[in-house]
K.L.:
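Shown below is the structure under consideration.
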Amino acid sequence: TKMCTYDPGYTSTGSCESTITFIDGGKGILLYRGYPIEQLVESTCDFTDAAYLLLNGELPDGNQHKAFEQELKSHTMVHEKLIEFFKGFKSDAHPMAIMVGVVGALSAFYESKNWRDPAQAQISCVRLIAKVPTLAAIAYRTSVGQPIVYPKNEYSMAQNFLYMMFSSPSEEFKPDPILARAMEVIMILHMDHEQNASTSTVRVAGSSQANPYACIAAGISCLWGPSHGGANEAVLSMLEEIGNVKYITEYIAKVKDPKDPFRLMGFGHRVYKSYDPRAKIMRQITHQVLEHLKVVDPVLDLAMELERIALTDEYFIKRNLYPNVDFYSGICLRAMGIPVSMFTVLFAVSRTVGWCAQWKEMALEKGNRISRPRQIYSGAATRAYVPLDKRA
Ligand code: CMC
């Protein structure tokens with residue numbers, strides 16, 4: 001057998017070849033299929049455009065855009081039987097826990113003998129991208145005990161998400177165009193980020209030719225952790241805990257203490273050693289959304305001051321720690337009325353596009369092998385079994 005190199009946390013191991021997303025961590029560059037993220041969000045790029053691009057490699061022309069949007073809309077409903085699953089959860093279940101279960105359950109509704117068939121792979125991705133937002137909104141509605149709202153075909157993906165979250169039989173919710181665009185930009189920003197932990201999880205699960213719906217559920221499980229997608233929820237609790245700008249210095253001292261496991265949530269990134277380009281856009285949208293809603297949130301001032309102090313502190317400078325995408329997103333989402341427990345779910349809804357694109361790239365790759373890392377064994381050498389009555 002071959003010797004293996006030890007690379008804990010895979011900081012320098014390339015696990016695949018990919019044509020989807022490029023990151024230059026030193027320069028703070030993020031490209032989807034070659035297009036800078038800033039250009040995508042500042043232009044007419046919508047959910048459909050970005051999802052088509054990530055999934056198929058090129059931007060759609062007018063007809064392709066229309067057809068893809070129609071196709072997505074024709075798959076937003078979920079099987080009525082699946083709705084029964086939601087009834088089984090405790091009423092205070094975290095919506096991410098519900099998502100792990102119900103997205104995994106989709107695998108019972110869609111079976112195939114050959115996930116590597118291009119048509120099978122494509123339709124699975126379309127179904128997942130279309131249905132995960134519906135499941136996410138239902139997870140929220142069940143967690144607050146409200147009736148389910150089905151998607152409306154006249155709405156875009158982002159508008160529909162807001163509509164399914166906030167409409168009610170007694171009062172129809174009409175998505176505000178500015179907030180719907182902000183939601184769409186947030187979704188596009190989170191769609192893909194090359195081989196992050198959850199995407200790698202999806203690829204590893206899929207490498208055994210497992211059911212893709214189950215693979216996406218594995219990605220959701222991984223995303224839930226506070227070091228990954230759960231950070232946006234953790235940032236808000238941290239800011240609430242700090243409570244006032246006058247306590248920032250004290251909190252930062254705690255974060256810097258090597259004996260304290262505390263980390264500044266929403267700060268630092270494995271790949272970005274400069275400002276996360278998504279965080280810059282997120283900060284801008286947060287200001288726009290709060291201004292539009294005429295919301296004055298002291299937590300935003302606290303976040304800005306925390307960022308200012310951290311970026312001039314030697315500890316953070318030496319380690320190249322900058323705000324990441326999660327630092328401002330929570331403040332923005334909360335102002336839009338999205339409950340804290342749904343922050344990571346929204347991340348999952350958006351990242352489903354990237355997970356699908358990455359899964360499809362892998363599934364259709366010729367000669368793809370099962371992911372099977374090796375280890376450095378540090379346990380006992382061979383020894384003789386001791387019967388129970390002979391053990392001291
Ligand atoms: N606050 C304080 N110190 C930090 C932080 C932080 N947020 N992040 C890293 N460090 C320190 C760390 O203690 C270590 O110091 P030393 O060299 O003295 O031991 C050094 O910086 C390098 O850290 P690391 O743990 O080797 O970095 P990593 O690449 O393994 O971890 C990370 C990356 C994102 C998990 C980490 O920065 C972190 O825990 N950040 C807070 C959680 C967070 O915001 N996560 C969201 C990431 S972006 C969205 C996503 O991917 O989901």
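When a ligand or atom number is given, it counts from 1 through the structure's own listing order. Remember, predicted model here, so these are calculated numbers, not experimental data.
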K.L.:
Has the side chain of H228 got a donor or acceptor atom that lies under 3.5 Å from a matching backbone atom of S198?
P.N.:
yes
K.L.:
Is at least one protein non-hydrogen atom found at under 4.0 angstrom from atom 45 (N) of ligand 1?
P.N.:
yes
K.L.:
Under 3.5 Å between any N/O of R278 and any N/O of ligand 1: does that happen in this structure?
P.N.:
no
K.L.:
Identify the closest protein heavy atom to atom 40 (N) of ligand 1: which residue and atom is it, and at what distance?
P.N.:
F267 O, 2.9 Å
K.L.:
Under 4.0 angstrom from ligand 1, any heavy atom of D326?
P.N.:
yes
K.L.:
So is F327 close enough to ligand 1, meaning a heavy atom under 4.0 angstrom away?
P.N.:
no
K.L.:
Hey, is F262 one of the residues with a heavy atom under 4.0 angstrom from ligand 1?
P.N.:
no
K.L.:
For atom 29 (O) of ligand 1, state whether the nearest protein heavy atom is under 4.0 Å away.
P.N.:
yes
K.L.:
So which heavy atom in the protein is nearest atom 18 (O) of ligand 1, and how far is it from that ligand atom?
P.N.:
R319 NH2, 2.9 Å
K.L.:
Evaluating non-hydrogen atoms only, which member of R263, K254, K318 is closest to atom 39 (O) of ligand 1?
P.N.:
R263
K.L.:
State the atoms of ligand 1, each with its element, that fall below the 4.0 Å cut-off from a heavy-atom position in G229.
P.N.:
52 (O)
K.L.:
Using a 4.0 Å heavy-atom cut-off, which part of T11 comes near ligand 1: side chain, backbone, both, or neither?
P.N.:
neither
K.L.:
For ligand 1, is there an N or O atom under 3.5 Å from any N or O atom of V255?
P.N.:
no
K.L.:
Under 6.0 Å between ring centres: does that hold for Y163 and Y155?
P.N.:
yes
K.L.:
Measuring from the heavy atoms of G266, does anything fall under 4.0 Å of ligand 1?
P.N.:
yes
K.L.:
Does this structure show an ion pair linking E305 with R308, if we count only N-O contacts that are shorter than 4.0 Å?
P.N.:
yes
K.L.:
Centroid-to-centroid, F316 to F267, below 6.0 Å?
P.N.:
yes
K.L.:
Applying the side chain to side chain contact (heavy atoms under 4.5 Å, CB included) criterion to I23, which one of Q195, H269, E194 satisfies it?
P.N.:
E194
K.L.:
Between H287 and H292, is the ring centre distance below 6.0 Å?
P.N.:
no
K.L.:
Any protein heavy atom lying closer than 4.0 Å to atom 20 (C) of ligand 1?
P.N.:
yes
